Structure formats: C-alpha cells, structure tokens
Amino acid sequence: MTTTYSRITGLGFYVPDNVVTNDDLTQYMDTSDAWIQERTGIKQRRFFTYGKETNASMAAAASRMALERAGLAANDVDLIVYATLSPDYYFPGSAFLMQRELGLEGIAVIDIRQQCSGFVYALSIADQFIKTGMYKTALVIGSEIQSTLMDKTTEGRGVAVIFGDGAGAAVVQATTDLEHRILSTHLHADGRYAEELYLKDPGSSRPNHFITADTATAGGSSVVMNGNTVFKHAVVRFMEVINESLQANGYQPSDLALLVPHQANIRISGYVQQQMNLPDEKVFNNIQKYGNTTAASIPIALTEAFEQGRIQPGDLVCLAAFGSGFTWASALIKW
Ligand code: UT7
C-alpha cells in the first residue's frame, strides 16, 4: 500500500497598497524611526484601507495567486484551513467569507485562532487530513488586519509599531513522493501565559453585555503585550521547536537550506540564527517591509523566499513560529 503525504504546490500573498513608514507613525505617537529599526528591524508596514480590503478579501487574493502557481482552479480545493486573530466578524469565521468569495460553497472550512503560530498549526491540520485520505487539496491561510486592534497613541506604542496587515496562502496537495513533502509538524501551547499578549474585549464572560460603553473605552479593546516576557520565551521556544523538527527527522541545523521564522522581531530571528550558527543566506527575513503580520508572516515570507529563488526542489526548509497563547510550532519540509 502506498502512503499518502502532503506537499506545498503553490504559494501566494497579498499586502495592502497603503505603506505606513516609521516616520508616519510619529504623527500619532512619541516614537522614532531609529527606535523602531533598532529594537525591531521594521522600516515600514502596510495598513488596510476601509472599504477596499477585508481580512477575507486579502486571503482570497493570496489564494488566487497560490492556486494559479499550483496550476489549479479554485474548485479543485476540498478544504480551507484559515488562521487569523483578527477575523472580519466575531462569528462566523473569515474562512466562510473567503470560501464565498472563491465560489467554493459546500466544501469544509476550519477557522483557527493560534495567533503567530496559526499558519503552522493550519498547515499541520491540512497535512493530517490529507495524510488520512479525507481531503486531497487544501488552501492554508494566514491573514490579518491588525491596524484596527491597536492603540495608536504613545500609550500603545510598544505594540502598535510592530504589527501590520497582510495575507498569505499555500496550496497543499496529496502526494506519494517521499522526496518532496512535509516531513513533520510540531505543535505546542502553554495557556499559563494567555494574558502576556492578548486582546480582552469583546469577550463573552462579562457582566450583562458582550460589548458595553465601559469595555469599549476602558482599554480592553486594544492589544496588550508584555514585550519583554514574550521576547524571553520566544527565543527559547523558537530554538526548541526548530531542534525538535530536525531531530525528529535525523537532521542537524547545518542540513537546513532555509529557515523561515515567524517575523516577530529581527532581534529574535538574529538570536536564533546566531545560536544555530546559520549563515545569512539560510535565514529569511522580510519584517523590514511588512512588520509583524502574525499568522500571515510565514506564508508571506515563504512566498517571497520562493519568488527570490531562495527555495529549490529538494531543499530542507523549516518554518518556525512563536506567539500569543503562548503557542509555538514548526514544520520541516523537503521541498
Ligand atoms: O509576534 C510574536 C509575539 N511578539 C513578539 O515576539 C514581540 C516580542 N517583544 C519585542 O519584540 C520587544 O519587547 C519590543 C519590540 C515590543 C519592545 O522592545 P524592548 O527592547 O523590549 O523595549 P521595552 O519594552 O523594554 O522598552 C524600552 C524603552 C521604554 O522606555 P524606558 O522605560 O526605558 O524609559 C519604553 O517606554 O523604550 C520605550 N518604548 C518606545 N520608545 C519609542 C517602547 N516602545 C517604544 C516606541 N518608541 N515605539
């Protein structure tokens, strides 16, 4: 009996046209281009335009690009797994809206909320469904509109300067080819740290109403992050989960052709790169252009890496993420 695996056969991304530079942010808050670049590596990010883009419409645009590159039509897809922390509606999830936009009524959709690790979790879910034979072709999405979730005043500057909007998509298909496939995925979470990086309101477990005048104005409806704690956990968990994927498949860091880390902070990627003794050409960063786009960051980075010829057939590629939850996850791929 032949074993079924899964493989990424198409990649795409979409970012809004609206470029917001670090200098642009100084109009709203006390910050500087020098501080942001030195502490995060970010030079600019994209913010969506109301009436032009939605979380789901960006994901649909990224999906169309990924499908075209895979040589498929939308109706070849039989599963959508959609990762976002910033859905268009509280419910139903944005996967439904994207499914509608692509004209794929009737197929299965799954919305997940694993924040910065969302894309890797979504890839793992698609991989499991394909390996069991239940589905053959999945669209795996990471899409975020975060610019509306942040306090863009000086009080919120420790969060607001980092995050950006955008979407990425991967087409994942069944294969029997042992040499070109997703080798393994590794997923972790630790809810003890849920409030270290979170968005409290709107939430259901409040007195009386889901949204009240108080919750709307008391600051709970902006992202809150304890940046130092997140940073310290991130550097440890990134290393652990990358090593876990390599060890599970009998590889060493030096076997990697490319590490595509979640674009959280250039200093986090730099630390991991240094600890793993990887040269610059083996670590992909594009946080400079897009900021931290949470679930979208890995598929956007992976797409750009592919477009730039940084990934070739047979290459060993590792995706790794850490973020709110806390969650951390990796995927090891033989391209
Ligand atoms: O996506 C996955 C999850 N997220 C992450 O992985 C993010 C992890 N954390 C980080 O990347 C960093 O902690 C930040 C970039 C968020 C912050 O950098 P930091 O080096 O940890 O700065 P800090 O929060 O310790 O703040 C240092 C100083 C403070 O001033 P004082 O108290 O030293 O006078 C802040 O008030 O920098 C100040 N500060 C700013 N100054 C200018 C904080 N944000 C800004 C800002 N502009 N935007």
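Note that this is a predicted model, so its numbers are computed, not measured. Both ligands and their constituent atoms are indexed starting at 1 by order of listing. Excluded from the calculations below are hydrogen atoms, water molecules and symmetry mates; all remaining heavy atoms, backbone and side chain alike, are included.
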Nearest protein heavy atom with distance in Å, relative to atom 35 (C) of ligand 1: R157 NH2, 3.9 Å

At what distance is the nearest protein heavy atom to atom 20 (O) of ligand 1, and which residue and atom is it? R39 NH1, 2.6 Å

Quick one: sort the W335 and F306 rings into parallel, tilted or perpendicular, breaks at 30° and 60°. tilted

Please work out whether any backbone atom (N, CA, C, O) or any side-chain heavy atom from C-beta onward of V159 is under 4.0 Å from ligand 1, and answer side chain, backbone, both or neither. neither

Step by step, would you call E304 with R310 a salt bridge (charged side-chain N to carboxylate O under 4.0 Å, His left out)? CA-CA 9 Å; E304 286 207 329; R310 303 267 300 266; over 6 Å; no

Does R267 approach ligand 1 within less than 4.0 angstrom via side chain, backbone, both or neither, non-hydrogen atoms only? side chain

What do you reckon, does I36 put a non-hydrogen atom under 4.0 Å from ligand 1? no

Using the ring pair (Phe, Tyr, Trp, His ring centres under 6.0 Å) definition, which of the options H188, H262, H233 pairs with W328? H188

Atom 11 (O) of ligand 1: any protein heavy atom closer than 4.0 Å: yes

Counting only non-hydrogen atoms of the protein, does one fall under 4.0 Å from atom 31 (P) of ligand 1? no

Run the salt bridge (charged side-chain N to carboxylate O under 4.0 Å, His left out) test on E196 and K232 for me, step by step, so that the C-alpha distance in whole Å, both residues' side-chain angles and the decisive distance to 0.1 Å come before the verdict. CA-CA 12 Å; E196 296 295 334; K232 284 178 192 147; over 6 Å; no

Looking at D151 and R157, is any side-chain nitrogen of the basic one under 4.0 Å from a carboxylate oxygen of the acidic one? no

Near A264, which atoms of ligand 1 are under 4.0 Å from a heavy atom of that residue? 1 (O), 2 (C), 6 (O)

Less than 4.0 Å between atom 47 (N) of ligand 1 and some protein heavy atom, yes or no? yes

Have a look at ligand 1 and work out which part of H262, if any, has a heavy atom under 4.0 Å from it: side chain, backbone, both or neither. side chain

Whether Q263 lies under 4.0 Å from ligand 1, heavy atom: no

Is any side-chain N of the basic residue among R181 and D177 closer than 4.0 Å to the acidic one's carboxylate O? no

Side chain, backbone, both or neither: which part of L197 comes within less than 4.0 Å of ligand 1 when only heavy atoms are counted? side chain

Just let me know how V161 lines up against ligand 1, side chain, backbone, both or neither, with a heavy-atom cut-off below 4.0 Å. side chain

Taken to the nearest 0.5 Å, the spacing of T148 OG1 from F48 CZ works out to 5.5 Å

Looking at E53 and R46, is any side-chain nitrogen of the basic one under 4.0 Å from a carboxylate oxygen of the acidic one? no

So, the side chain of Q263 versus the backbone of F284: is there a donor-acceptor pair under 3.5 Å, distance only? yes

Proximity flag M225 to ligand 1, non-hydrogen atoms under 4.0 Å: yes

